Amino acid sequence: MEYDKKKIAVLTSGGDASGMNACIRAVVRYAMAQGYTVYGVRRGYVGLIEDDIFEMQYNSVSNCVHTGGTILRTGRSKDFCNPEVMKKAVDNLLKRGCNHLVVIGGDGSFRGLQDIHKMTDMRVIGIPATIDNDMGYTDFTIGFDTACNTVIDAILRLRDTITSHDRIMILEVMGRHCGDIAINSALAGGAEYVIVGEVPVDVDAIADSVKRGFDKGKTSTIIVLAEARNDLKDELIEKVGAATGRRVNHVSLSYMQRGGYPAMADRVLASRMAVRAVELIDEGQSGRVVGVNGNDIIDMSVGEALKVPKKFNQKIYDIATKISK
Ligand code: F6P
């Protein structure tokens with residue numbers, strides 16, 4: 001089949017992350033400036049399967065750089081793991097003469113991208129977007145900074161009320177298996193304790209330490225609890241409450257962390273990564289994903305990227321735990 005060299009499609013997939021719209025906007029605007037026709041695929045791989053595809057215009061992305069969520073909407077599709085379904089889905093773009101696709105999403109979305117690259121004519125480039133920051137090959141993913149800022153804001157608000165009541169607050173945050181949101185937000189927000197899946201936890205020791213803090217005159221304590229260890233919630237409430245004789249409250253920020261206007265860091269990162277993704281397509285590359293290393297935008301093959309283990313940032317954890325009690 002003949003494909004038009006100047007056609008490109010874009011989709012967002014998996015959990016939404018603030019900054020996805022800034023990323024879509026930059027893909028659309030930069031690609032159009034290079035003479036591409038751009039298609040938007042709604043609801044990620046679901047929309048690809050269902051042929052929910054439309055031609056985007058310059059103003060399709062007007063007034064979205066500052067908004068959370070994704071104007072293309074998103075989805076998680078189990079069906080897409082079936083190679084037959086995947087090939088048929090990709091045909092919906094190929095029949096439009098379009099054999100370039102930019103996938104904005106997390107590691108699950110990148111696995112789909114890898115299959116497309118291996119099994120079809122589609123040329124694919126990935127951009128990492130997830131609040132979890134759980135992809136080892138890139139220092140940061142789009143949406144992480146905004147999610148941390150939301151947690152920090154919550155820590156400040158919770159501090160006001162618990163200080164007024166001499167209480168303890170357990171603040172549960174998202175991140176799936178990754179403790180990055182927890183440790184960075186705990187450090188930046190001044191929480192006293194942070195519990196993550198990557199480090200063994202001694203709940204009795206935490207309870208004793210919280211008690212000693214109050215004995216020395218503290219008027220409040222915040223424990224940031226990562227999603228990976230939310231199994232400890234009840235034990236913490238019971239043991240910290242018993243050790244201190246104070247009320248222990250629990251708040252889960254949950255999906256609040258995914259929404260809201262994107263921070264500057266996410267808008268800029270999203271725009272830089274989007275431009276590099278379009279450049280890679282223009283260079284005729286496929287099966288690659290962009291990322292950031294230090295202050296440089298990098299790219300590597302999706303296969304390599306998925307193999308890089310996510311390293312736990314022990315230094316940030318140590319700083320957060322050493323200076324906050
Ligand atoms: O990957 C982003 C994330 O928000 C995780 O932190 C969380 O575990 C998961 O998605 C929740 O997924 P869902 O939207 O399917 O409930």
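Just follow the structure's listing: the first ligand is 1, and inside any ligand the first atom is 1. None of the values given here were measured: they were computed from a predicted structure.
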### Heavy-atom neighbours of K95 NZ exceed 12 at 6.0 Å
yes

### Task
Go through T12 and T70 one step at a time and tell me if the side-chain hydrogen bond (donor to acceptor under 3.5 Å, both in side chains) criterion holds.
CA-CA 7 Å; T12 49; T70 158; 2.8 Å; yes

### Task
Evaluate the ring planes of Y36 and H100, with Trp represented by its six-membered ring, and classify them as parallel (under 30°), tilted (30 to 60°) or perpendicular (over 60°).
perpendicular

### Task
Give me the one residue out of D132, D107, D180, T138 that meets side chain to side chain donor-acceptor pair (under 3.5 Å) with K310.
D180

### Task
Say whether, by atom type as modelled, one donor and one acceptor occur between the side chain of R159 and the main chain of G190 under 3.5 angstrom.
yes

### Message
Give the residues near ligand 1 by chain and number, with the criterion being a heavy-atom distance under 4.0 Å.
### Response
R76, T130, I131, D132, M174, G175, R176, E227, Y255, R258

### Query
Less than 4.5 Å apart, any side-chain heavy atom of E198 and any of Q314?
no

